[in-house]
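First up is the structure itself, then whatever we jot down about it.
Each chain gets a letter, A, B and so on, in the order the sequences are listed, and its residues count up from 1. Worth knowing before you read on, the calculation uses all heavy atoms, side chains too, and leaves out hydrogens, waters and symmetry mates.
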There are 2 protein chains.
Amino acid sequence: MVTRGDARREQILYAAMVVFADHGYHRASLAGIAEHVGISQAGLLHHFPTKPRLLTAVLEARDRLDREWLAELDPDGRTGPRLLVNLLRLVDRNRRLGGLVQIYTALAGESVTDDHPARAWFTDRYGRVTASVEAGLLAGADALRPDVDCALLAREVVAVMDGLQLQWLLRPDEVDMVAAFRDYATRLIRSTALDPEPLVALLASAVPVPLPAHAG
Amino acid sequence: MVTRGDARREQILYAAMVVFADHGYHRASLAGIAEHVGISQAGLLHHFPTKPRLLTAVLEARDRLDREWLAELDPDGRTGPRLLVNLLRLVDRNRRLGGLVQIYTALAGESVTDDHPARAWFTDRYGRVTASVEAGLLAGADALRPDVDCALLAREVVAVMDGLQLQWLLRPDEVDMVAAFRDYATRLIRSTALDPEPLVALLASAVPVPLPAHAG
DNA sequence: GTCTATAAACGGATAGAC
DNA sequence: GTCTATCCGTTTATAGAC
C-alpha cells in the first residue's frame, strides 16, 4: 500500500520519465533528474536509493497508467476482432502522449543487452502483453477463420505497433502511425474475420483524423 | 578508396560491432573494444579518433554487409510481391547471424533520444529502407490489387521486421521470427496480390524450417 | 602504430550536519 | 527530508616516448 503523502516521489517519477525518455537510461544522470524536481542529487537518493531502483519504479508507474487506460475501455470490446479497434485507439493515444511513449521505445531497445537493468522487466512485459492479445483473439475466435494462428498473430500485432512507433519517433512529422496501423488492421480484419465489413466500418470511424477536442 | 593494408581497422570494426551489440553504445567502452583486439585504448584511438566516429564507421560497415547480401539476390526477385520472399530470407539470415543483428535493434532504440550520435544516421537509414521497399512494391504494382497503398505498406513491412526482432532478441528460444514473418507475409500476399497462390507456395518452400547444414 | 602515463570530467553513492 | 562535501570508480581524450 503506497498510500498518500509522497508527492515528492511522484514528482521524481515524472521527472525521471521525461529525462529517461530524452536521454535513455545510461545517459540520464540522477543530478539531471533532481534538477527537474528542484532538489539535489543526494536528496533524490533519499527517495530512491539507487538508479536501477528508480528505473523499475518508473517502468511500473508507466505500466500502471496503461492499465488504468485499458480498464476504461468497454469490457466487451477487448476480445475478438474488435480488439483491433481498441488497439487503434491506443496507437492514437500514444501519438498524442508524445514524449512519454518514448521511454518504452528508448528503454526497450536499450534493454536488449546482456546486463541491462530493465532487460528482465521488458522480457516479462512482452510475455504478458502478447499473452493478453492472444487471449483476446482466442476469446473471439469463433468470429475468425479457423486457420488463424492466434499466438503468431498476437506477436505480429505487437510487432507492428512497436515498429511503427520507432519510425514515428525518428520522424514524427513524416510518419503517420495511425494511418499505417489503420491500414494494417483493416487488411488484417478482411483476411481473418468471417464477417469483416462491420468491423472495417468501425475501424474507419474510430479515431477521426485530428481529434476535435471541443465537443464535450 | 579504402584500399588494403588496414587489417587492424577491420579488426577494430568487428570488435566494436560485438561490444556495441552486447552493451549498447553508451555503456560500451573503448578500452573494452581495444581489449577484444588485443591493443590498448590509446592504440585504438589512433585508428578512430573519437568514439562517435567509430560508431558511424561500424554502422556503415554493417550497412555495407547488408547491401552485399542484397546484391546477391536475383535482380528480378526484388520487386513486386515476390519481394516478400526475399525479405523472409533476410529474416532467416538475421536469425542465423544472431548477435550481429543486435547492434541494429540496440542502437536504433537507443538512438531515439534528442542528442544521440546515431540518431541522424538511423533517421536517414529508415528513409532509405522504406523508400526502397516502396519502390520494390511499386515496380510490381500491376500484380497487386489497385487499392494497395504502397507507401503505408512499406512502413508496415519494415515495422513487422523490426518489432519481431525486438521480441526475438529478448526471448530467442520462445519467439520464432521466421514463422511469424512467414505467417504475416502469407496473409499479406493473399490480401494484396491478384494471383496469390503461386507466391504463397514459394513462401512456404523458401527457408526450410531448421536449415540442414550438412548437405554440401 | 603502439605504448604508458596522465589529464580532465563525470557519475553514482555515502557520511554527516541541519 | 534535504543539504553540502567528498570518495571513488569509470571514461574519453591527449602528450610524448619508443
Side-chain angles (χ1 to χ4, degrees), chain A residues 2-59 103 106-107 110-111 113-119 121, chain B residues 2-59 106-107 110-111 113-119:
Chain A
V2 194
T3 47
R4 214 60 34 74
D6 35 24
R8 256 297 141 77
R9 267 185 79 96
E10 298 199 6
Q11 274 185 299
I12 294 172
L13 281 178
Y14 184 81
M17 277 191 202
V18 173
V19 177
F20 283 153
D22 280 353
H23 303 298
Y25 173 70
H26 285 118
R27 266 209 85 191
S29 77
L30 296 177
I33 297 169
E35 195 182 3
H36 271 65
V37 184
I39 61 176
S40 73
Q41 178 246 16
L44 187 155
L45 283 174
H46 173 76
H47 298 275
F48 299 92
T50 73
K51 197 184 178 187
R53 293 282 296 265
L54 175 59
L55 174 61
T56 41
V58 163
L59 291 172
I103 63 168
L107 292 180
E110 202 181 335
S111 79
T113 52
D114 286 342
D115 45 5
H116 196 284
R119 171 154 191 162
W121 192 89
Chain B
V2 194
T3 49
R4 213 58 35 72
D6 34 25
R8 257 296 142 76
R9 267 186 78 97
E10 298 199 7
Q11 273 185 298
I12 295 172
L13 281 177
Y14 184 80
M17 277 190 203
V18 173
V19 177
F20 283 153
D22 280 353
H23 304 296
Y25 173 71
H26 285 117
R27 265 211 85 187
S29 77
L30 297 177
I33 297 168
E35 195 182 4
H36 270 64
V37 184
I39 61 174
S40 73
Q41 178 247 14
L44 186 154
L45 284 173
H46 173 75
H47 300 273
F48 298 93
T50 73
K51 197 185 179 187
R53 292 283 294 265
L54 175 59
L55 174 61
T56 40
V58 162
L59 292 172
L107 292 179
E110 203 181 335
S111 80
T113 51
D114 286 342
D115 45 5
H116 196 283
R119 171 153 192 164

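- Applying the side-chain hydrogen bond (donor to acceptor under 3.5 Å, both in side chains) rule to A:His26 yields the partners A:Glu110; only residues at least two apart in sequence or on another chain are considered.
- Between B:Glu10 atom CD and C:dG1 atom C1' the separation is 17 Å, expressed in whole Å.
- The stretch residues 32-42 of chain A comes close to DNA chain C through A:Gln41, A:Ala42, each having a heavy atom under 4.0 Å from the strand.
- Remark: B:Arg119 pairs with no residue by the salt bridge (charged side-chain N to carboxylate O under 4.0 Å, His left out) rule, at least two apart or across chains.
- Here D:dT11 presents its C1' atom at 14 Å from NE2 of A:His26, a figure rounded to the nearest Å.
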Please list, one pair per line, the donor and acceptor atoms closer than 3.5 Å that link side chains of residues 41-51 of chain B to other protein atoms, with sequence neighbours excluded.
unit_1  : atom_1 : unit_2  : atom_2 : d
B:Thr50 : OG1    : B:Arg53 : N      : 3.3
B:Lys51 : NZ     : B:Tyr25 : O      : 2.9
B:Lys51 : NZ     : B:Ala28 : O      : 2.8

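- One atom, CZ of B:Arg27, and another, P of C:dG11, lie 15 Å apart when rounded to the nearest Å.
- Contacts with DNA chain D (heavy atom under 4.0 Å) in residues 46-53 of chain B: B:Thr50, B:Lys51, listed by number.
- The separation between A:Ile12 atom CD1 and D:dG1 atom C1' is 10 Å, rounded to whole Å.
- Pairing each heavy atom of B:Ala118 with each of B:Leu55, the nearest pair is CB-CD2, 3.8 Å.
- For the salt bridge (charged side-chain N to carboxylate O under 4.0 Å, His left out) condition, the pairs that include at least one residue of residues 23-44 of chain A, sequence neighbours left out, are A:Arg27-B:Asp115.
- Here B:Ala21 pairs with B:Gln102, B:Ile103 under the side chain to side chain contact (heavy atoms under 4.5 Å, CB included) rule; sequence neighbours left out.
- OP1 or OP2 of D:dT2 sits under 4.0 Å from a side-chain N or O of A:Arg8.
- Taking CG of B:Leu13 as the start and CZ of B:Arg8 as the end, the distance is 12.5 Å to the nearest 0.5 Å.
- Side-chain atoms of A:Ile33 and A:Phe20, non-hydrogen and from C-beta on, do get closer than 4.5 Å to each other.
- With distances taken from any side-chain atom of B:Leu45 to the nucleotides D:dT2, D:dT14, C:dG12, the minimum falls on D:dT14.
- With rounding to whole Å, A:Leu30 atom CG is found 14 Å from D:dC3 atom P.
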